[in-house]
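Everything below concerns the one structure shown next.
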Amino acid sequence: MRYIIAVSFQLNYMDDNVLEKLKILAESAKYDVSCSSSGTTRSNQKNGIGNAAGWGICHSFAEDGRCISLLKIMLTNYCIYDCAYCINRRSNDLKRATFSVSELVNLTIEFYRRNYIEGLFLSSGVVRNPDYTMERLVRVAKDLRLVHRFNGYIHLKSIPGASRELVNEAGLYADRLSVNIEIPNEKSLQLLAPEKDFQSVFKPMSYIQQGVLQSAEERKKYRYAPRFAPAGQSTQMIVGASAENDKDILRLSSSLYQRPSMKRVYYSGYIPVNTYDNRLPALKQPPLVRENRLYQADWLLRFYEFKVDEIVNDAFPDLDLEIDPKLSWALRHPEAFPVDINKADYEMLLRIPGIGVKSAKLIIVSRRYGHLGASQLKKIGVVMKKAQYFITCHELPVRTVNELTPEVVRSVLTRKPGKVSDDRQLVLQFQE
Amino acid sequence: MVIFLYDKTFDGLLTAVYEAYFRKSFPDVLLAQGAPLPLFYDELVTIYTDDEKVDRVWKGLQKRISESALSCLAVCWLSELPEVDILLFRYIRKAFDSPKSIELNFGDTDILEVSKIWKKVNQEKHRVIEFVRFQKAEDGTFFAAMEPMYNVLPLVTSHFKDRFADQKWLLYDLKREYGYYYDLTEVSEVRFDNKDSHLLSGILNDNLMAEDEKIFQRLWKEYFKAITIRERINPRLHRQHMPVRFWKYLTEKQN
């Protein structure tokens, strides 16, 4: 009896302890944007638990509207570095904690069994040195895969400066690896994080890429050769913590996407976590609109066959915050419009504001059966409010962007609902 | 107006298709047997579901449309929407009457509508996969209950069977009062005559819960709170991604 009490006491004590650690380490991990669980399809193996669905599954949404797919957590938030933009920097006075490998593995499995999560996204502050830290991260993944036969999703952060051997081992157990660039320009990075440089970021990135390519090559020869980080790698840049404009950021993303293993670049609007540091700008609010526009531009790069110079260039170094980058491109290029819905090729359909990937594909397959009219386009899902100025389909009145001028289309589309303007009143467009 | 009365099953619908072609008269309305009839109609036909006829129609369809379009029809049926039967009837008729495959002609209202319903049901399926929360019972069975908008449980069992192959689970639809139970070897449909409180409320009683269940629920709730970035709170986006109708059974949304 006494033994049971002692055990249950220990159980309770341990849980409070774990609870406290969980809170601290989740708080420390939450500024990392990535939480996706896509890119790997893997069914469960015998006597194992879990599988991975290729499209990724969100299991919950936090009150900030962000998806919770993976248990996003740090192994420890102690850190030897002092990066200005990071909440876990050495000089910050905050609660610190470290999970043991078994605590974290147990937590992951139990959460997974209850369908709370899709897997684990593990990151860590750097303790002692990069290799020591990386080795501990790998141990968690290895334990999950080999001891617990866990087939769910694992995303590991590769610690900047970690050695090639450890990155290679990580790739065997993890679905996705990531190294965060954080600051898109080396000079700014050196200013804000004197202990880091681009080398320490790009080296592990290239290790990952080589691992992915090598494994793909081997799997061509031997079907059961081990997969290396099957969901590729991702990275993140902080927006608004340094002086870079959207052109710098998007050019870097575009060159990253040209690498074969790079799947996603995330943008994180800078949230002033260390307000006392005067190397950082004083922001009233995180730049959420800019972040959103960057993601839209990112989509144009990845799914809409845009080139980065079409979105931002020396004449337009920053994205328009008022309208989305595709509309912005269309208004700068009225000569490309109107587009004939029944004839234009897929690439051109994608460039019409108000038509997305899905509606463009539907248009392509449906127009084989006959001409499409405006009412059908609307039902298919085309946003006619925008698209009407850029298309013809044999029946619309020809009031396109060319007749109305881009300025008028812009003012119509950015008009706030509720504000009634008088058509008889002359409106003068002032350039800022 | 031609009215067909049938038994509101998918097989009944396929039999109705057979009968319509046999009689060369096509229904304007499909009604359940025993449903109140409209005041005026020209013809009333009662359909008796017949496996042979079902088989013939299905085989005919297999020749006309692709495997994925066929599964799309079955998925739409699970939407249980009031007008979905006559819509599917029209779709099938178009498939039979057209010389070439019609399934990609999204300029046609019926075909677009079928694809839209498919999308809705499929989304509900994904939401069930996302938002189901299992609670561990004393005997080691994991129990979860939900009220999905459409009858999507049959679509998700294979996912959970693969994923949680080494744990017993019971997935229960509170609205339609049936569920699926996995006993470590196979999934079977279950119905209960005497309903315990968790089959009505969806929440396990404390005395039925496994010892550590409360602990993990608490850990998950705290994690859910801690992961939120307070500077970015956005209740509208939150509700848009995770509609309020699911909150009742979400562990992290309970107090």
Side-chain angles (χ1 to χ4, degrees), chain A residues 11-12 15 18-19 22-27 29-31 43-44 46-51 53 55 57-68 71-73 107 110-116 149 151-152 269 271-272 285-286 288 362-363 365-373 376 379-380, chain B residues 98 100 102-109 111-113 115-116 126 129-136 142 144 159-167 169 211-213 215-220 222-242 250-253:
Chain A
L11 201 79
N12 268 329
D15 299 325
V18 170
L19 183 71
L22 182 69
K23 272 199 245 178
I24 294 170
L25 293 167
E27 290 267 355
K30 70 183 176 189
Y31 295 100
S43 51
N44 200 349
K46 221 180 172 197
N47 306 322
I49 167 181
N51 56 14
W55 58 85
I57 298 172
C58 290
H59 282 282
S60 189
F61 289 86
E63 277 166 10
D64 49 22
R66 301 189 310 158
C67 145
I68 304 175
L71 173 62
K72 179 158 49 183
I73 196 96
L107 204 57
E110 291 293 338
F111 276 8
Y112 193 86
R113 286 195 182 284
R114 289 164 175 77
N115 207 35
Y116 296 165
R149 298 166 188 276
N151 296 306
I271 291 163
Q285 275 170 337
L288 296 183
L362 282 183
I363 289 171
V365 294
S366 312
R367 68 187 183 187
R368 289 189 198 133
Y369 296 87
H371 278 302
L372 296 176
Q376 285 163 312
K379 276 188 192 148
I380 277 176
Chain B
S98 160
K100 60 177 184 176
I102 43 104
E103 59 195 78
L104 292 178
N105 183 9
F106 298 102
D108 183 296
T109 333
I111 287 144
L112 188 66
E113 190 58 29
S115 86
K116 278 188 176 162
H126 280 295
I129 287 176
E130 289 170 2
F131 299 141
V132 150
R133 294 288 180 267
F134 285 102
Q135 307 154 56
K136 190 177 180 184
F142 285 77
H159 169 82
F160 287 115
K161 187 187 172 193
D162 184 45
R163 171 160 295 201
F164 299 123
D166 68 341
Q167 68 191 46
W169 49 259
E211 201 186 353
D212 55 0
E213 175 58 27
I215 297 166
F216 286 108
Q217 289 194 5
R218 201 169 138 221
L219 285 167
W220 175 241
E222 288 300 330
Y223 175 78
F224 179 75
K225 267 187 234 157
I227 205 71
T228 308
I229 298 181
R230 278 174 288 278
E231 291 87 343
R232 301 181 64 128
I233 291 275
N234 189 343
R236 226 184 105 217
L237 190 62
H238 177 60
R239 281 197 306 271
Q240 184 188 327
H241 287 313
M242 203 158 75
L250 282 170
T251 313
E252 60 268 34
K253 280 290 178 185

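Just so it is clear: chains get the letters A, B, ... in the order the sequence lines come, proteins before strands, and each one is counted from 1.
Using a 4.5 Å cut-off between heavy atoms, A:Arg367 does not touch chain B at all. Both the backbone and the side chain of B:Arg218 come within less than 4.5 Å of a heavy atom in chain A. Interface remark: B:Ile102 contributes backbone atoms only to the contact with chain A (heavy atom separation under 4.5 Å). Residue contact with chain A, scored on non-hydrogen atoms closer than 4.5 Å, involves the backbone and the side chain of B:Gln217 alike. Of the two parts of B:Ser115, neither the backbone nor the side chain holds a non-hydrogen atom closer than 4.5 Å to a non-hydrogen atom of chain A. Contact annotation for A:Phe61: both backbone and side-chain heavy atoms come within less than 4.5 Å of a heavy atom of chain B. Only the side chain of A:Leu288 comes within contact range of chain B, judged by heavy atoms closer than 4.5 Å. B:Lys225 does not touch chain A: none of its heavy atoms, backbone or side chain, sits under 4.5 Å away.
Not a single donor-acceptor pair under 3.5 Å links the side chain of A:Tyr369 to the backbone N or O of B:Phe106. Using a distance-only test at 3.5 Å, with no hydrogens or angles considered, a donor-acceptor pair links the side chain of B:Asp162 to the main chain of A:Asn44. Judged purely by atom type and a 3.5 angstrom limit, B:Glu222 has no side-chain atom pairing as donor or acceptor with the backbone of A:Lys23. The main-chain N or O of A:Pro286 is never found under 3.5 Å from a side-chain atom of B:Glu231 such that the two would form a donor-acceptor pair. No donor-acceptor pair under 3.5 Å is formed between the side chain of B:His238 and the backbone N or O of A:Gly65. Panel note: side chain A:Asn115, backbone B:Phe131; no donor-acceptor pair is recorded below 3.5 Å.
Between A:Glu110 and B:Ile215 the shortest side-chain heavy-atom distance does not fall below 4.5 Å. Taking 4.5 Å as the limit, every side-chain heavy atom of A:Cys67 sits out of range of all side-chain heavy atoms of B:Glu130. Taking 4.5 Å as the limit, every side-chain heavy atom of A:His59 sits out of range of all side-chain heavy atoms of B:Glu252. Using a 4.5 Å heavy-atom threshold, the side chains of B:Arg163 and A:Tyr112 count as touching. Residues B:His159 and A:Ile57 are in side-chain contact: their nearest non-hydrogen atoms beyond the backbone lie under 4.5 Å apart. B:Tyr223 has its side chain out of reach of A:Leu107: every pair of non-hydrogen atoms, C-beta onward, lies at least 4.5 Å apart.
In terms of heavy-atom pairs under 4.5 Å with chain B, the best-connected choice from A:Asn151, A:Ile49, A:Leu372 is A:Ile49. Taking A:Ile363, A:Ile271, A:Leu25 one by one and counting their heavy-atom pairs under 4.5 Å with chain B, the maximum is reached by A:Ile271. Among the candidates A:Arg113, A:Arg149, A:Lys30, A:His371, the residue making the largest number of heavy-atom pairs closer than 4.5 Å to chain B is A:Arg113. Contact tally against chain A (heavy-atom pairs below 4.5 Å) for B:His126, B:Lys100, B:Gln240, B:Gln167: the top residue is B:Gln167. Contact count against chain A (heavy-atom pairs under 4.5 Å) is highest for B:Ile229 among B:Ile229, B:Asn234, B:Asp166. Heavy-atom pairs under 4.5 Å with chain A peak, among B:Gln135, B:Arg230, B:Arg236, B:Arg239, at B:Arg230. With respect to chain A, the highest number of heavy-atom pairs below 4.5 Å among B:Leu250, B:Leu112, B:Leu104 belongs to B:Leu104. No other option in A:Ala26, A:Ser43, A:Cys58 has as many heavy-atom pairs under 4.5 Å with chain B as A:Cys58. Looking only at heavy-atom pairs under 4.5 Å with chain A, the residue among B:Ile129, B:Ile227, B:Leu237 that has the most is B:Ile227.
A pairwise comparison of heavy atoms in B:Arg133 and A:Ser60 identifies NH2-CB, 3.7 Å as the closest pair.
Using a 4.0 Å cut-off between charged nitrogen and carboxylate oxygen, A:Arg114 and B:Glu213 count as a salt-bridge pair.
A:Lys379 NZ: 12 or fewer foreign heavy atoms inside a 6.0 Å radius.
Here A:Gln376 contributes atom CD and B:Thr109 contributes atom OG1; the two are 7.5 Å apart, rounded to the nearest 0.5 Å. Between atom CH2 of residue B:Trp220 and atom CG of residue A:Leu71 there is a gap of 7.5 Å, rounded to the nearest 0.5 Å.
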